Trainee: 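Input: one structure, supplied below.
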There are 2 protein chains.
Amino acid sequence: MLTERQLLILQVIIDDFIRSAQPVGSRALAKKRGINFSPATIRNEMADLEEHGLIEKTHTSSGRVPSEKGYRFYVDHLLSPEKIEQHELNMINELFEESIVELEQVVQNSAKVLSELTEYTAIVLGPTVEDNRLSKFQIIPINDESAVAIIVTNTGHIEHKLFTLPKSIHPSEVEKTVNILNERLRGVPLSELHSKLMGEIILLFKEHVNNYESFFQSLASVLNISSNDKLYYGGKINILKQPEFQDVEKIKDVMKLMEEENNFYHLLRKTPIGIHVKIGTENKVPEMEDLSLISATYNIGEEQVGKIAILGPKRMNYSKAISVLNLLSKNLTFTLSNLYD
Amino acid sequence: MLTERQLLILQVIIDDFIRSAQPVGSRALAKKRGINFSPATIRNEMADLEEHGLIEKTHTSSGRVPSEKGYRFYVDHLLSPEKIEQHELNMINELFEESIVELEQVVQNSAKVLSELTEYTAIVLGPTVEDNRLSKFQIIPINDESAVAIIVTNTGHIEHKLFTLPKSIHPSEVEKTVNILNERLRGVPLSELHSKLMGEIILLFKEHVNNYESFFQSLASVLNISSNDKLYYGGKINILKQPEFQDVEKIKDVMKLMEEENNFYHLLRKTPIGIHVKIGTENKVPEMEDLSLISATYNIGEEQVGKIAILGPKRMNYSKAISVLNLLSKNLTFTLSNLYD
DNA sequence: TTTAGCACTCATTAATCAGGAGTGCTAACA
DNA sequence: TGTTAGCACTCCTGATTAATGAGTGCTAAA
């Protein structure tokens, strides 16, 4: 379909545009090393590439700019992996060197490092708590009328919830309840706790716990875990450094996009396993037509727990971003698996 | 110092500028109702006001704009309280109508409402956990080597911390420890837990708990509560609606300011009790020379727990902002005091 | 097939100009 | 003596024009 020379020219155009953010003309291109033909020849090839819809002009007599289709082709076929510098490697390794206390902390720091390495905005979706399995449940009475429920999961995630504890419940009943729940619910994904409780466990309650009704109500609400996996940003304002965001309206759009957390939450949830690149309108979000989102997944053992992603202009350094994302997601998976699996 | 008429003119200039963001000229001023003298007269008075440093020209033949000193004078002497509309009252009341589960949630929602009511950016400093008093402490073993410590305070704040539990410790020892700590530390501010532990309580440990040393180490780190009171923003991008932020560099500055959470954290911590207005350079932060920050405190009972604030352009509607802030902080104090005190 | 040459297009920038809002000053007025 | 009308002057704003230059497509020659 495309000749070797056309591929070469396309690659150089996109590489150059990614670097300079300026439309690339035939003369400037001819001067690049590796290019041994005249501007006129290049103009002919460019016309062909434009017919294929891979590059565009911004006006009749301007240089060429990659089209969305061009970026897609570039990402799919022309990308050469970028070498990661030693000092960049160090930054990533430092993330995992300190003693790791909380999973969330590591994840949050990853976003920061990711944004610093790429100069784009990093978005990290924290562990999907719903898929975690219950490993320990406990109730701590605080005063006459309230208590805290503690839920510990297999990935070390801890959650606490305040609830009202009916006065009529005797401490021994509470203990019995805790025992029942631990016995029956260990290993159950948090998302299924509520239905399990309403199914088999309510029968046990009827049998063993006096005055169970209002108490059971409270428990039901406590075990109704809503998906509250969090979204962390790193370098939110990095994106403003990009020359394409010198326009006030565009800045407002992208800031608004990030402000409303749901946007990226849903976008990232949908994302498949492994590295995934969505360019411009492929994101199906009007405000993202000038943005690309590259995402990767990280796991704990076999369980897929979260996503890390880079948000940049369509004209982003895909090669660099993918390399860094790939490395970091693998490191995250490795470290977290060792820790919690 | 200033005549009645000059005060009137100053007030009208500032009111008008706050509304329109345009320099106010003598002719436009003369047409306002309540003004019954000619443009020429107004020009004379304006010249006086300018000599006092209360208003400024943007260029030789422009209308007048309030100076920072002018705003200060306006806030101190000319402010008339703004009536709060019924639907605005409703928005505030709705905050407190739903059953309140977590203090943090209320506080966070306050930021949202505050930003919606004012169209500026709201900043809320959550409860200062350090000043809370311990009301309940508990330890829950998770597995052979780790446990969760639960700390509940008098304001209903719950905190959990993972720590390593030496295998050598027998469950009965843990129970004894929990009893000792609850007995000795109840009512102690979180910020003093650590020193109390290292002082009187270590002696009790030596006496009553076997193999206490490494266990005690863990406890010490658990009870070393760092001040992690959080900063919440509402309507971060509201500030971009203001006509003074149509300049890309300014937008970057203010976004960066908000991105680095420490900035406002420290600024708000310093703020005195009650309503407080800092205009432009009074904030002592170079990037805030075009911004004003109005803050208020909210309490639980007698204890001052947090701050709510509004960040807007220097040309903000002080009257409205102060009224809303005043009302909301009082409501917060009232509701939280009833709940937790 | 490649390339030199040329006419043409269009964005960008600087320069010029007209219109208008606003000021300060002076002199007349109540 | 305080107030106001009149006027010359300043400076911002927006529109228009012109020059420059980067780049293209096409044609014809190598």
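So you know, we letter chains A, B, ... as the sequences are listed, proteins then strands, and number each from 1. Because the structure is a prediction, the values reported are computed rather than measured.
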Trainee: Over how many whole Å does the gap from B:Asn44 atom CG to C:dA27 atom P extend?
Mentor: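 So the CG-P distance, B:Asn44 to C:dA27, works out to 15 Å.
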
Trainee: To the nearest Å, how far apart are A:Leu49 CG and D:dG23 C1'?
Mentor: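 Taking atom C1' of D:dG23 as the reference, CG of A:Leu49 is at 17 Å.
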
Trainee: Which of these nucleotides, D:dT24, C:dA11, D:dA5, is closest to any side-chain atom of B:Ala40?
Mentor: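 So the side chain of B:Ala40 is nearest to D:dA5.
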
Trainee: Given A:Lys320, which partner from the list A:Lys83, A:Glu119, A:Glu88 fulfils the side-chain contact (heavy atoms from CB on, under 4.5 Å) test?
Mentor: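 Exactly one candidate clears the test, A:Glu88.
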
Trainee: How many whole angstroms separate atom CD of A:Gln22 from atom P of C:dC10?
Mentor: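 Atom CD in A:Gln22 sits about 20 Å away from atom P in C:dC10.
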
Trainee: OP1 or OP2 of C:dG24 sitting under 4.0 Å from any side-chain N/O of B:Thr60?
Mentor: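 False: B:Thr60 side-chain N/O out of range (4.0 Å or more) of C:dG24 OP1/OP2.
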
Trainee: Whole Å only: how far is the CD atom of B:Glu45 from the C1' atom of D:dT4?
Mentor: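 Those two atoms, CD and C1', are 13 Å apart.
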
Trainee: Between B:Ser62 and C:dG22, is there a side-chain N or O to OP1/OP2 distance below 4.0 Å?
Mentor: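 No, outside the criterion.
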
Trainee: Out of A:Leu54, A:Ile13, A:Leu10, which one pairs with A:Met46 under the side-chain contact (heavy atoms from CB on, under 4.5 Å) rule?
Mentor: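 The passing option is A:Ile13.
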
Trainee: Think A:Ser61 has a side-chain N or O under 4.0 angstrom from the OP1 or OP2 of D:dG23?
Mentor: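 No, no such contact exists.
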
Trainee: What nucleotide, of C:dA21, C:dT23, C:dT2, holds the atom closest to the side chain of B:Ser26?
Mentor: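 Nearest to the side chain of B:Ser26 among the choices is C:dT23.
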
Trainee: Could you label the plane-to-plane angle of the B:Tyr71 and B:Tyr318 rings as parallel, tilted or perpendicular, counting under 30° as parallel and over 60° as perpendicular?
Mentor: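 Aromatic pair B:Tyr71/B:Tyr318 classed tilted.
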
Trainee: Between A:Ala47 and A:Arg27, which has a closest nucleotide on DNA chain D that is more 5'?
Mentor: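 With A:Ala47 and A:Arg27 compared, the 5'-side residue is A:Arg27.
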
Trainee: Round to a whole Å and report the spacing from CZ of B:Phe37 to P of D:dA5.
Mentor: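 The distance from CZ of B:Phe37 to P of D:dA5 comes to 14 Å, rounded to the nearest Å.
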
Trainee: Taking the side chain of A:Arg43 as its heavy atoms from C-beta onward, which of C:dT3, C:dG22, C:dC6 lies nearest to it?
Mentor: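 Selected nucleotide (nearest to the side chain): C:dC6.
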
Trainee: Establish, with yes or no, whether the OP1 or OP2 oxygen of D:dG25 is under 4.0 angstrom from a side-chain nitrogen or oxygen of A:Lys57.
Mentor: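 Result: yes.
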
Trainee: How many Å lie between NE2 on A:His59 and C1' on D:dT24, as a whole number?
Mentor: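 To the nearest whole Å, that distance equals 10 Å.
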
Trainee: Check whether any side-chain nitrogen or oxygen of B:Arg64 sits under 4.0 Å from OP1 or OP2 of C:dG24, and answer yes or no.
Mentor: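 Yes.
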
Trainee: Starting from P on C:dT12, measure out to CD on A:Gln246 and report it in whole angstrom.
Mentor: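 Answer to the nearest Å: 14 Å.
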
Trainee: Using salt bridge (charged side-chain N to carboxylate O under 4.0 Å, His left out) as the criterion, point out the one residue from B:Arg64, B:Lys32, B:Arg315 that pairs with B:Asp16.
Mentor: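 The residue from B:Arg64, B:Lys32, B:Arg315 that satisfies salt bridge (charged side-chain N to carboxylate O under 4.0 Å, His left out) with B:Asp16 turns out to be B:Lys32.
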
Trainee: If you round to the nearest 0.5 Å, how far is CD1 of B:Ile237 from CG of A:Leu257?
Mentor: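 Reported value, rounded in 0.5 Å steps: 9.5 Å.
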
Trainee: Over how many whole Å does the gap from B:Ile42 atom CD1 to C:dA21 atom P extend?
Mentor: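 Rounded to whole Å, this separation is 17 Å.
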
